[in-house]
Enquirer: 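Pasting a structure below so you can have a look.
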Amino acid sequence: MTNKDLASLIYPDVTKTIEDYERIYPQRQLKEGAIVTRFAPSPTGFVHLGSLRTSFIAKKVAEDTCGIFYLRIEDTDEKRSIENSVQGIIDDLTNFNINIDEGVTSQIEEKGIYGPYTQTKRQEIYDTFAYYLIENDFAYPCFCTEEELENIRKRQEVRKDRIGYYGDYAKYRNISNDEKASLIKKNIPYVIRLKSHGDFEKKVSFIDAVRGKIEFPENDMDTILIKSDKIPVYHFAHVVDDHLMRTTHIIRGEEWISSTPVHIELFNAFNFPIPIFCHLGLIMKIDENGIRRKLSKRKDPEAAVSFYHKEGYPVEALKLYLMTISNSNFEIWMENNPNKSINDFKFDFKKISESGTLFDINKLINISKVYISKLSANTLYDDILLYNKEYDKDFYELLKNNKEYTISLLNIERNIPRPRKDISCYKDFKKELGFMYDELFLSHDFLLKDFYSYEILEDYVKNYYNIEDDKDLWFSKIKELGIKYNFCTDNKAYKEDPSLYKGNISSLCELIRVAFTSRTNTPDLYEILKLLNIDTINKRLQMFKEYMNK
RNA sequence: GGCCCGUUGGUGAAAUGGUUAACACACUGCCCUCUCAAGGCAGCAUUCAUGGGUUCAAGUCCCAUACGGGUCACCA
């Protein structure tokens with residue numbers, strides 16, 4: 001029995017050849033240097049920050065070179081697949097403005113001529129390519145049971161041999177095709193394994209776009225390519241799909257480095273050109289025990305991309321953060337090009353850090369604060385509105401009904417050379433400035449200090465405050481009031497002997513601030529009072545009185 | 001255990017083999033200021049995981065060791 005007979009026995013329905021598929025999925029007609037990349041997640045839940053970074057980089061390099069970025073769903077493991085999670089992945093990408101050129105676009109739809117882009121829909125293709133491998137002596141059926149494999153492993157442990165299915169340990173590698181055929185006809189379950197032609201004593205090397213040359217012993221493991229249910233494993237599907245979809249750069253996590261020799265052996269077996277591999281370092285975190293480990297979707301809320309959406313970090317800010325940890329020259333480039341966007345930056349594989357990066361929320365917060373501080377009040381209003389529409393309906397209504405007021409509020413200390421940086425995410429807005437809305441200013445909640453006095457405050461509102469005053473006049477009146485009640489207007493004098501005074505001007509301002517905002521720190525007090533309006537001020541004055549008398 | 005990748009301050013990191021190891025974030029102190037944010041100034045690695053070697057000269061090249069990570073599934 002020939003290899004071809006065996007292949008036909010296993011795959012009786014295969015009618016096409018791999019050459020047919022070469023014609024069905026022709027070379028892409030793209031301009032010189034165009035890079036084709038993909039994001040190929042398993043539908044096991046939502047997108048991990050590390051995956052977001054991978055897809056972001058993949059998208060970026062495709063865009064930079066007028067190439068293609070597509071989404072492929074790797075759902076070959078039924079056990080791990082979670083229903084409807086494809087939509088979750090698409091939503092996460094959409095939320096972060098990572099738009100795909102082709103591939104899966106919804107739970108049921110896709111676009112592009114290199115599809116299907118969902119692996120479980122590509123069975124016919126995989127069958128054909130597996131047929132080819134068997135026919136050409138690169139693969140064979142293996143009938144090992146779990147127990148047999150376990151025994152092999154135990155023997156290898158005793159002999160201190162390398163663990164795995166290879167060489168003389170590969171029990172079914174060299175039995176005749178007739179024997180294989182008869183086992184198949186007896187309905188003995190089997191998998192298809194690679195028939196490795198590699199030699200562990202020899203070296204293969206490949207150029208990794210991030211790390212440069214990486215050298216390995218050749219692969220000599222007869223790894224499983226096709227599971228007993230005829231569904232391929234990653235190694236096989238990756239090689240077939242990425243070739244047929246004409247991917248030029250395989251951008252993936254560094255956990256794949258070790259299996260790259262298997263992939264190279266497969267590319268060679270099919271006579272496919274070998275794409276460029278780009279293995280990215282992982283995003284890490286220091287856990288409670290001080291140990292550096294991969295950011296985990298289960299244990300770390302910040303691992304899930306949806307977390308950033310819920311907190312209200314601007315998409316752009318997260319992108320800026322991902323870019324600063326991905327390309328080491330990005331931050332300096334930004335500094336030198338303050339008016340350019342991330343799209344103008346040319347991504348460079350050589351500037352990717354080789355080691356795993358510790359996730360740094362402080363850096364993200366800072367980037368986000370700077371980003372938000374540069375937004376116009378109108379844009380920020382829209383963003384905050386949109387955020388609350390999804391996460392805080394009541395506040396959303398409040399913001400919607402007070403548009404002009406909110407924009408004025410957001411404008412305080414904004415359109416100036418050194419704008420205020422107190423908001424790091426949209427969620428912060430309510431926390432920081434909610435007191436500006438009567439609906440949220442329900443009660444005073446602060447510790448009373450000796451110099452807090454209703455009388456002074458009443459005097460201030462009745463006799464010193466005028467909404468028409470400009471800022472200088474406003475402040476000189478506060479000073480006047482201060483002198484009347486023995487608040488020191490000279491900071492140096494006050495520092496010399498505080499006991500002579502009730503407090504200094506800061507103290508007086510604190511009293512006013514606390515009474516009308518219930519906070520000890522707010523944006524510019526003059527602007528705040530002006531915006532609050534005299535009615536609100538009087539209302540809060542009464543509330544303050546009640547609070548003092550409690 | 002085998003194989004592979006990595007290791008510069010609290011964090012991200014820069015540095016054709018060549019003076020005092022950039023910069024950013026964080027932190028600390030001071031100044032300014034009605035508070036906070038911002039801003040200004042200053043501080044923060046006696047040294048690039050450790051030990052050898054090559055060299056007039058090493059963070060940079062070589063070797064060994066240590067540590068961290070990955071991988072060795074009918075998971076991806």
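Numbered from 1 within each chain, the chains take letters A, B, ... in sequence-line order.
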Enquirer: With sequence neighbours excluded, give me every side chain to side chain donor-acceptor pair (under 3.5 Å) pair touching residues 221-241 of chain A.
Expert: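 Matches after skipping sequence neighbours: Q119(A)-D241(A), R122(A)-D241(A), Y126(A)-D241(A), Y140(A)-D222(A), R173(A)-D222(A), Y234(A)-R252(A), H238(A)-D242(A), H238(A)-R252(A).
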
Enquirer: Using a cut-off of strictly less than 4.0 Å between a heavy atom of the residue and any atom of RNA chain B, enumerate the qualifying residues of residues 215-232 of chain A by number.
Expert: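 E215(A), F216(A), P217(A), I224(A), K227(A), S228(A), in order of number.
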
Enquirer: What contact category does L358(A) fall into here, base, sugar-phosphate, or nothing, at under 4.0 angstrom with non-hydrogen atoms?
Expert: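 Contact class for L358(A): sugar-phosphate only.
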
Enquirer: Tell me what I257(A) touches on the nucleic acid: a base, only sugar-phosphate, or nothing, going by heavy atoms under 4.0 Å.
Expert: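 Answer is sugar-phosphate: I257(A) comes under 4.0 Å of backbone atoms only.
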
Enquirer: For R153(A) and rG1(B), give me the distance from atom CZ to atom C1', rounded to whole Å.
Expert: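 For the pair R153(A) CZ and rG1(B) C1', the rounded distance is 12 Å.
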
Enquirer: So T260(A), base contact, sugar-phosphate only, or nothing? Heavy-atom distance under 4.0 Å.
Expert: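 Here T260(A) touches no strand at all.
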
Enquirer: Considering only atom C1', compute the distance from rA15(B) to rU20(B) and round it to an integer number of Å.
Expert: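 These two C1' atoms come out 14 Å apart once rounded.
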
Enquirer: Kindly express the pairing pattern of RNA chain B in dot-bracket notation, using | wherever a base pairs with another strand and counting only Watson-Crick or G-U pairs under 3.5 Å.
Expert: (((((((..(((.....[....))).(((((.......))))).....(((((..]....))))))))))))....

Enquirer: Rounded to the Å, how far apart are K431(A) NZ and rC36(B) P?
Expert: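 It is 18 Å, rounded to the nearest whole Å.
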
Enquirer: Would you say a side-chain N or O of T76(A) is under 4.0 Å from OP1 or OP2 of rA76(B)?
Expert: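 For rA76(B), OP1 or OP2 has a side-chain N or O of T76(A) closer than 4.0 Å.
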
Enquirer: Verify the neighbour count for atom CG of D168(A): are there more than 12 heavy atoms of other residues, nucleotides or ligands below 6.0 Å?
Expert: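 No, not enclosed.
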
Enquirer: Counting the atoms with a prime plus P, OP1 and OP2 as sugar-phosphate, which does S507(A) contact under 4.0 Å by heavy atoms, base, sugar-phosphate, or nothing?
Expert: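 Contact class for S507(A): none.
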
Enquirer: Restricting to salt bridge (charged side-chain N to carboxylate O under 4.0 Å, His left out), what partner residues turn up for D348(A), sequence neighbours left out?
Expert: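 In terms of salt bridge (charged side-chain N to carboxylate O under 4.0 Å, His left out), with neighbours along the sequence ignored, D348(A) is linked to no residue.
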
Enquirer: Among K471(A), K530(A), R420(A), find the one that has a salt bridge (Lys or Arg N to Asp or Glu O under 4.0 Å) with D524(A).
Expert: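 Option passing the salt bridge (Lys or Arg N to Asp or Glu O under 4.0 Å) with D524(A): K471(A).
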
Enquirer: In whole angstroms, how far is the P atom of rC72(B) from the CD atom of E150(A)?
Expert: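 Roughly 16 Å, once rounded to whole Å.
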
Enquirer: Show the atom names and distances, to 0.1 Å, of all donor-acceptor pairs under 3.5 Å that link a side chain in residues 423-433 of chain A to residues at least two apart or in another chain.
Expert:
residue : atom : partner : partner atom : Å
S424(A) : OG   : D428(A) : OD2          : 2.9
Y426(A) : OH   : D383(A) : OD2          : 3.0
K427(A) : NZ   : E311(A) : OE2          : 3.1
D428(A) : OD1  : K431(A) : NZ           : 3.2
D428(A) : OD2  : S424(A) : N            : 3.1
K430(A) : NZ   : D392(A) : OD2          : 2.7

Enquirer: Cation-pi check for F200(A) against R162(A): NZ or CZ below 6.0 Å from the six-membered ring centre and within 45 degrees of the axis, yes or no?
Expert: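 Here R162(A) passes the 6.0 Å and 45° test against F200(A).
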
Enquirer: Using a cut-off of under 3.5 Å, enumerate the N/O to N/O pairs linking the protein to nucleotides 14-16 of chain B.
Expert:
residue : atom : partner : partner atom : Å
rA14(B) : OP1  : S328(A) : OG           : 3.0

Enquirer: Establish, yes or no, whether a centroid distance under 6.0 Å links the rings of F441(A) and F435(A).
Expert: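 Not close enough - the centres of the two rings lie 6.0 Å or further apart.
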
Enquirer: Quick check for you: among rC23(B), rG69(B), rG12(B), whose closest atom lies nearest to any side-chain atom of E331(A)?
Expert: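 Selected nucleotide: rG12(B).
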
Enquirer: Could you tell me whether R211(A) contacts a base, only the sugar-phosphate backbone, or nothing, with contacts defined as non-hydrogen atoms closer than 4.0 Å?
Expert: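 Touches sugar-phosphate only.
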
Enquirer: Between the side-chain atoms of S258(A) and the base atoms of rG70(B), is any donor-acceptor pair under 3.5 Å?
Expert: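 Such a pair is found, so the answer is yes.
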
Enquirer: Return the set of residues passing side-chain contact (heavy atoms from CB on, under 4.5 Å) with K479(A) (not counting sequence neighbours), or none when no residue passes.
Expert: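 F475(A), T489(A), I505(A).
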
Enquirer: For rG12(B) and S355(A) - does any side-chain N or O of the residue sit under 4.0 Å from the phosphate oxygens OP1/OP2?
Expert: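 Negative; the distance criterion is not met.
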
Enquirer: What residues in residues 187-208 of chain A put a non-hydrogen atom under 4.0 Å from any atom of RNA chain B?
Expert: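 Of all residues in residues 187-208 of chain A, the ones placing a heavy atom under 4.0 Å from RNA chain B are V191(A).
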
Enquirer: Please figure out whether Y526(A) or R418(A) has its closest RNA chain B nucleotide nearer the 5' end.
Expert: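 That would be Y526(A).
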
Enquirer: Under 4.0 angstrom, heavy atoms only, what part of the nucleic acid is D161(A) near: base, sugar-phosphate, or nothing?
Expert: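 The answer is nothing, as D161(A) stays clear of every strand by at least 4.0 Å.
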
Enquirer: Counting heavy atoms from C-beta on, name the nucleotide in rC34(B), rG70(B), rA26(B) closest to the side chain of L282(A).
Expert: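 Shortest atom-to-atom distance from the side chain points to rG70(B).
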
Enquirer: For a quick check of understanding: with a heavy-atom distance under 4.0 Å over all strands, which category does K363(A) fall into, base, sugar-phosphate or nothing?
Expert: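 If one applies the 4.0 Å heavy-atom cut-off, K363(A) turns out to touch a base.
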
Enquirer: Listing time: all N or O pairs from protein to nucleotides 28-32 of chain B that are below 3.5 Å?
Expert:
none

Enquirer: Is the ring pair Y117(A)/Y70(A) parallel, tilted or perpendicular, if the boundaries are 30 and 60 degrees?
Expert: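 The arrangement is tilted - the two ring planes meet at 30° to 60°.
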
Enquirer: Both I163(A) and R513(A) contact RNA chain B. Which one's nearest nucleotide lies toward the 5' end?
Expert: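 Closest to the 5' end, via its nearest nucleotide, is R513(A).
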
Enquirer: When rounded to the nearest Å, what value does the distance between P atoms of rU8(B) and rA57(B) take?
Expert: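 It works out to 26 Å between them.
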
Enquirer: If we ignore hydrogens and angles and just use 3.5 Å, is the side chain of E510(A) paired with the main-chain N or O of T520(A) as donor and acceptor?
Expert: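 Side chain of E510(A) to backbone of T520(A): no pair is present.
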
Enquirer: From C-beta outward on W474(A), which listed nucleotide comes closest to its side chain: rC34(B), rA76(B), rC5(B)?
Expert: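 Ranking rC34(B), rA76(B), rC5(B) by closest atom to the W474(A) side chain puts rC34(B) first.
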
Enquirer: Taking the same atom, P, in rC30(B) and in rG12(B), what whole-Å distance lies between them?
Expert: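 rC30(B) and rG12(B) have their P atoms separated by 29 Å.
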
Enquirer: Roughly how many Å apart are rA13(B) and rU7(B), using the C1' atom of each and rounding to a whole number?
Expert: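 These two C1' atoms come out 14 Å apart once rounded.
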
Enquirer: Give the ring-plane orientation class for H263(A) versus W256(A), where under 30° counts as parallel, over 60° as perpendicular and anything between as tilted.
Expert: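 Tilted, since the angle between the ring planes falls between 30° and 60°.
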
Enquirer: When you check the phosphate oxygens OP1 and OP2 of rG39(B), does a side-chain N or O of K421(A) lie under 4.0 Å from one of them?
Expert: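 Yes, because at least one side-chain N or O of K421(A) sits under 4.0 Å from OP1 or OP2 of rG39(B).
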
Enquirer: How would you list, by chain and number, every residue that makes a side chain to side chain donor-acceptor pair (under 3.5 Å) with N366(A), sequence neighbours excluded?
Expert: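 N366(A) satisfies side chain to side chain donor-acceptor pair (under 3.5 Å) with no other residue.
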
Enquirer: Would you call the rings of F330(A) and F345(A) parallel, tilted or perpendicular, taking 30° and 60° as the class edges?
Expert: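 F330(A) and F345(A): perpendicular rings.
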
Enquirer: Distance between the C1' atoms of rC48(B) and rU60(B), in whole angstroms?
Expert: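 Rounded to whole Å, the distance is 10 Å.
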
Enquirer: What interatomic distance, in whole Å, is found between P of rU11(B) and the corresponding atom of rC27(B)?
Expert: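 After rounding to an integer number of Å, I get 15 Å for this pair.
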
Enquirer: Quick one: does any side-chain atom of S373(A) pair with a main-chain N or O of V370(A) as donor and acceptor, under 3.5 Å?
Expert: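 Answer holds: yes.
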
Enquirer: Side chain of I325(A): nearest nucleotide among rC25(B), rG12(B), rG69(B)?
Expert: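 The answer is rG12(B).
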
Enquirer: Report, as a single string ordered 5' to 3', how protein heavy atoms within less than 4.0 Å touch nucleotides 59-67 of chain B: B base, S sugar-phosphate only, - not at all.
Expert: ---------

Enquirer: Is a donor-acceptor contact shorter than 3.5 angstrom present between the side chain of D524(A) and the base of rC34(B)?
Expert: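 Yes, a donor-acceptor pair under 3.5 Å.
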
Enquirer: What is the nucleic acid contact for N521(A), judged by heavy atoms within less than 4.0 Å: base, sugar-phosphate only, or nothing?
Expert: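 Base contact - N521(A) has a heavy atom under 4.0 Å of at least one base atom.
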
Enquirer: Which of these passes ring-ring contact (aromatic ring centres under 6.0 Å, His included) with Y321(A): Y308(A), F56(A), F359(A), Y313(A)?
Expert: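 In the set Y308(A), F56(A), F359(A), Y313(A), the residue that makes a ring-ring contact (aromatic ring centres under 6.0 Å, His included) with Y321(A) is F359(A).
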
Enquirer: How would you label the contact of K79(A) with the nucleic acid (heavy atoms, under 4.0 Å): base, sugar-phosphate, or nothing?
Expert: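 Answer is sugar-phosphate: K79(A) comes under 4.0 Å of backbone atoms only.
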
Enquirer: Can you list everything that forms a side-chain contact (heavy atoms from CB on, under 4.5 Å) with S355(A)? Sequence neighbours excluded, please.
Expert: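 Once residues adjacent in sequence are excluded, the partners of S355(A) under the side-chain contact (heavy atoms from CB on, under 4.5 Å) criterion are S353(A).
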
